J.: 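I have a structure I would like to understand better, so I am pasting it below and will then ask my questions one at a time.
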Amino acid sequence: MDNKQVTLSVDLLKERQKCTFNTLELTYLLDGGPERTKERRERESYFLDDPELKSSIPTEYLSHKEKYEEAIRVSCLIFRKVLHLQEEGKVGIENFQEILGGQLGSSLIKDGNPLALHYVMYIPTLMGQGTYQQQAEWIQKAWNCTMIGTYAQTELGHGTFIRGLETTATYDQETEEFIINSPTLTSYKWWPGGLGQTANYAIVVAQLNTLGKCYGIHPFIVQLRDEETHQPLPGVKIGEIGCKMGMNTTNNGYLGFENVRIPRNQMLMKNNKVLKDGTYVESPSSKLTYGTMMFVRVVLVQDVANYLKKAVTIAVRYSCVRRQSQPKPDEPEPQIIDYVTQQHKLFPIISTYFAFHYCAEWLWDMYNNVNSQLEAGQLSQLPELHALACCLKAVSTSDCSAGVETCRLACGGHGYMTSSNFPSTYGLVTAMCTYEGENTVLLLQTARYLMKSWQNKVEGIQLTPTVLYLQSAQASNIVYNRNIDWIITVMEQVAAGKVELAWTHMNERIKKGLGAEDAWNHTSIELAACAEAHCRAFVVRTFYSEIMRLKYTISEPLRIVLLQLLDLYGVTTALKCLGDLLRFSGTTGSDIENLQQWLEELLSAIRPNAVSIVDSFDIRDEVLSSALGAYDGNVYERLFAEATKSPLNAEPVNKSFRQHLKPFLKSQL
Ligand SMILES: Cc1cc2nc3c(=O)[nH]c(=O)nc-3n(C[C@H](O)[C@H](O)[C@H](O)COP(=O)(O)OP(=O)(O)OC[C@H]3O[C@@H](n4cnc5c(N)ncnc54)[C@H](O)[C@@H]3O)c2cc1C
């Protein structure tokens, strides 16, 4: 650890002495090898040791406007440095992932990067949906940042239902231009990051009209602001949407159009085209665009796990420094981590990080495979990837936001301080439950795939690998075994039972005369629940297979720790769905008692290594940005130092005393 301080907390020192494994081995494993750890640390130093990237006043004390201005200052410096790295040939995607994701990026700009959408959505959409000619024209400008773009899809009236978007792009054959309009208030774009005052271009999703016919939504590159003066162009009505629960420096904006004309070649035409004479030419497969659409969802699973890793590092370290209550009268107050309820709050969260980390790696590999198949025109695995990306995004973002909140609660009152870094972390993480597909809607998308899969099973059609368990999993009494295999089996029984039930109920409703859409809606509680159960079984199984794969490449002491974390993840997942276990698998009351006992034993087995496991995440203090979680454990000194930064403490008497408080006090005489 680079940032060790001289005065370490005695408690943390003792915790570290109890460690049974080599923390560096785990760091290397999580990073993907010593070389990757070295690169990551160098990258972190390159950014974090630069004094220009540090804000002079904690940004939470700035006004909304000042926060934005500071975020722009810092993000321009950051991306200038990224461009410099690229010039040096260090072009890896990791530069962007760490800057834009939950690690380095959120420590440099705590409340959302106003340039993020340029990299996360604007450039990938140009690459995924532009023709080669369009890519040649636009991508270099975007990479060099001679333009800043955003992705404007959601409108005031519609987010989830994109076919309902109202912005129009009407083709004018005379001038070979599209005319962009916002016909209603609800058609105003609302939400795009960086749209408010930052971007000068946007990919705008609009209903395409040509030769008197509407062909549905398509993407268009639209210039919003003058490249020199940054003034909005004529007909472009643009601004910021205002304060939000979090992400207050992302500069989310609104956007309306009044007869804004763009050349025909600014419709992104990799798939569908409009010819000069206005003829619409449909792509042989509109599914070719799905690859880019899934990219962000896939990346989000790793990002959200990284935020959880930060939150749990803070809470575990703090719990070893914090002492409270005196259960035994003659003994000192215990560290709060020694309360088993505290361990039960935190250790499953550590294991959740590992579970999603390995699922994210699995998903990333599948995404890359499917994307290369798409390039070769093969679409067969696309629905399976789509189904998994949807439910994994939903379950990981929802579990990680709950996990961050649990970490905050586990730190009592101090967890509520902004200087704990829980509030802004929660703001960033909970937003992920909504953007890139609202979570319930995504679960229902997975459910559609599961319904088709169950139908295939009924008709004897071969199932795809990730739903193959539907073929054989049946509620039956499997003799309880204290191992993860047993948990996977019963979790799959639960998932299969729930899928079958939803399928049966939907078909019964249809048989009774309900239309398919109404039957779907009436069954949707069970549909969302079966998708979640499918996902949970998948996560446990994937975590298990990854650990089995690694088993022979790591040392015995580390293997023991990882197996404990895997078991803990499995046991807590199973215990969270007790009702389902009893209902859909052969689990008995005494099996549950055994699970509870296993849980308690795992908590005490993990206890001595808790601090060392989070130390292995190797997160620098600047990245944690928390008075409670720093490596040295000097919690109280840091909390005090942060409090002194409050501008209210700069003067002994605030002017409001003379203006309001004093007259009020005197009037009561
Ligand atoms: C922080 C943040 C950043 C964002 N950034 C961008 C951006 O850069 N660009 C952009 O274009 N957009 C952006 N968005 C918008 C985002 O993509 C949408 O908010 C999201 O897609 C959800 O749509 P909605 O807000 O219309 O919610 P709604 O769809 O109105 O959802 C409201 C409720 O209705 C339910 N519901 C809706 N449809 C169904 C259905 N079919 N079945 C069952 N239940 C349903 C949902 O489950 C939810 O409970 C951002 C949003 C946030 C919060």
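Everything numeric here is computed off the predicted structure, so don't read it as measured data. Just so it is clear, the values below take in all heavy atoms, side chains as well, and ignore hydrogens, waters and symmetry mates.
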J.: Answer with yes or no whether the side chains of Gln596 and Glu600 bring together a donor and an acceptor at under 3.5 Å.
T.: yes

J.: Quick check for you: to the nearest 0.5 Å, what is the distance between Ser453 atom OG and Ile461 atom CD1?
T.: 10.5 Å

J.: Taking all atoms of both residues into account, what is the closest heavy-atom pair of Thr573 and Met491, and its distance?
T.: CG2-CE, 3.6 Å

J.: List for me each residue that meets salt bridge (Lys or Arg N to Asp or Glu O under 4.0 Å) alongside Lys452, sequence neighbours excluded, and say none if there are none.
T.: none

J.: Quick one: are Cys400 and Tyr307 in side-chain contact, heavy atoms under 4.5 Å?
T.: no

J.: Just wondering, do Ser626 and Arg317 contact through their side chains at under 4.5 Å, heavy atoms?
T.: no

J.: Minimum heavy-atom separation for Pro348 and Thr572, please, with both atom names.
T.: CG-CG2, 3.6 Å

J.: Looking only at the side chains, is there a donor atom on one of Asp615 and Ser612 sitting less than 3.5 Å from an acceptor on the other?
T.: no

J.: So, applying side-chain contact (heavy atoms from CB on, under 4.5 Å) with Phe354, which one of Ile547, Leu566, Leu562 is it?
T.: Leu562

J.: Would you check if Thr446 and Cys535 make a side-chain contact, meaning some heavy-atom pair closer than 4.5 Å?
T.: no

J.: Sequence neighbours left out, what pairs pass salt bridge (Lys or Arg N to Asp or Glu O under 4.0 Å) with at least one residue falling in residues 319-328?
T.: Asp11-Arg323

J.: Mind checking whether Tyr449 and Trp454 have ring centres under 6.0 Å apart?
T.: no

J.: Hey, are the side chains of Trp503 and Cys530 touching, using non-hydrogen atoms and a 4.5 Å cut-off?
T.: no

J.: Taking Lys498 for the side chain and Glu526 for the main chain, is one N or O donor matched with an acceptor at less than 3.5 Å?
T.: no

J.: CG of Leu563 to CG of Asp567: how many Å apart, nearest 0.5 Å?
T.: 6.5 Å

J.: Do Thr588 side-chain atoms and Asp591 backbone N/O form a donor-acceptor pair below 3.5 Å?
T.: yes

J.: Do Arg541 side-chain atoms and Ile488 backbone N/O form a donor-acceptor pair below 3.5 Å?
T.: no

J.: State, to 0.1 Å, how close Leu442 and Ala394 come at their nearest heavy-atom pair, and which atoms those are.
T.: CB-CB, 4.4 Å

J.: Indicate yes or no: at least one non-hydrogen side-chain atom of His522 is less than 4.5 angstrom from one of Met506.
T.: no

J.: With the side chain counted from C-beta on, respond yes when Phe295 and Tyr367 share a heavy-atom pair under 4.5 Å apart, and no when they do not.
T.: yes

J.: Tell me, with the steps shown, if Phe356 and Phe543 meet side chain to side chain contact (heavy atoms under 4.5 Å, CB included).
T.: CA-CA 8 Å; Phe356 288 130; Phe543 189 5; over 6 Å; no

J.: One thing to verify: whether Glu532 and Arg536 come together as a salt bridge, which I'm taking to mean a side-chain N less than 4.0 angstrom from a carboxylate O.
T.: yes

J.: So do Glu331 and Gln326 actually touch side chain to side chain, heavy atoms under 4.5 Å?
T.: no

J.: Output, in order, the C-alpha distance, side-chain angles, deciding distance and verdict of side chain to side chain contact (heavy atoms under 4.5 Å, CB included) for Cys391 and Phe538.
T.: CA-CA 10 Å; Cys391 68; Phe538 173 83; over 6 Å; no

J.: For Ala574 and Leu581, work out which heavy atoms get closest and say how close.
T.: O-CD1, 3.5 Å

J.: Taking all non-hydrogen atoms of both residues, which atom of Leu582 and which atom of Thr587 are closest, and how far apart?
T.: CD2-O, 3.5 Å

J.: Establish, from distance only, whether the side-chain atoms of Thr397 and Asn439 form a donor-acceptor pair under 3.5 Å.
T.: yes

J.: What distance do Leu575 atom CG and Leu595 atom CG have between them, rounded to the nearest 0.5 Å?
T.: 5.0 Å

J.: Pick out which of Glu508, Arg509, His505 makes a side chain to side chain donor-acceptor pair (under 3.5 Å) with Thr523.
T.: Arg509

J.: With a 6.0 Å cut-off (strictly less than), is the heavy-atom count around CG of Leu409, excluding the residue itself, greater than 12?
T.: yes

J.: What distance do Ile314 atom CD1 and Arg408 atom CZ have between them, rounded to the nearest 0.5 Å?
T.: 13.0 Å

J.: Return the set of residues passing salt bridge (Lys or Arg N to Asp or Glu O under 4.0 Å) with Glu15 (not counting sequence neighbours), or none when no residue passes.
T.: Lys18, Arg607

J.: Cation-pi check for Tyr358 against Arg549: NZ or CZ below 6.0 Å from the six-membered ring centre and within 45 degrees of the axis, yes or no?
T.: no

J.: Scan the side chains in residues 420-431 for donor-acceptor partners under 3.5 Å anywhere in the protein, sequence neighbours excluded, and list what turns up.
T.:
residue	atom	partner	partner atom	Å
Ser420	OG	Gly415	O	2.9
Ser420	OG	Met417	O	2.7
Ser420	OG	Phe422	N	3.1
Asn421	OD1	Ser424	OG	2.9
Asn421	ND2	Leu624	O	2.9
Thr425	OG1	Asn421	O	2.5

J.: Leu444 and Trp520: side chain to side chain contact (heavy atoms under 4.5 Å, CB included), yes or no, with the steps?
T.: CA-CA 10 Å; Leu444 290 172; Trp520 178 267; 4.3 Å; yes

J.: Test side-chain hydrogen bond (donor to acceptor under 3.5 Å, both in side chains) on Glu438 and Thr160; report intermediate values, then the result.
T.: CA-CA 7 Å; Glu438 195 280 328; Thr160 295; 5.5 Å; no

J.: Could you tell me whether Glu44 and Arg40 have a side-chain N and a carboxylate O separated by less than 4.0 Å?
T.: yes

J.: Give me the atom names and distance for the closest heavy-atom approach of Gly32 to Arg36.
T.: O-CG, 3.7 Å

J.: Walk me through it: do Leu602 and Phe347 pass the test side chain to side chain contact (heavy atoms under 4.5 Å, CB included)?
T.: CA-CA 9 Å; Leu602 283 167; Phe347 299 171; over 6 Å; no

J.: Please check this pair: side chain of Asn481 against backbone of Asn483, looking for a donor-acceptor N/O pair closer than 3.5 Å.
T.: no

J.: Are Asn609 and Thr20 linked by a side-chain donor-acceptor pair shorter than 3.5 Å?
T.: yes

J.: Please report the interatomic distance CG(Asn369) to CD(Gln378), rounded to the nearest 0.5 Å.
T.: 11.0 Å

J.: How would you list, by chain and number, every residue that makes a side chain to side chain contact (heavy atoms under 4.5 Å, CB included) with Ile560, sequence neighbours excluded?
T.: Glu556, Gln564

J.: Compare all side-chain heavy atoms of Met294 with those of Val370 and state whether any distance is below 4.5 angstrom.
T.: no

J.: Fit a plane to each ring of His534 and Tyr469, take the angle between them on a 0 to 90° scale, and name the class: parallel (under 30°), tilted (30 to 60°) or perpendicular (over 60°).
T.: parallel

J.: Main chain of Leu24, side chain of Asn22: is a donor-acceptor contact present, judged purely on distance under 3.5 Å?
T.: yes

J.: If the condition is side chain to side chain donor-acceptor pair (under 3.5 Å), which residues does Asn594 pass it with, not counting sequence neighbours?
T.: none

J.: Decide if atom CZ of Phe161 counts as having more than 12 heavy atoms of other residues, nucleotides or ligands within a radius under 6.0 Å.
T.: yes

J.: Pairing donors with acceptors under 3.5 angstrom, does anything connect the side chains of Glu25 and Ser555?
T.: yes

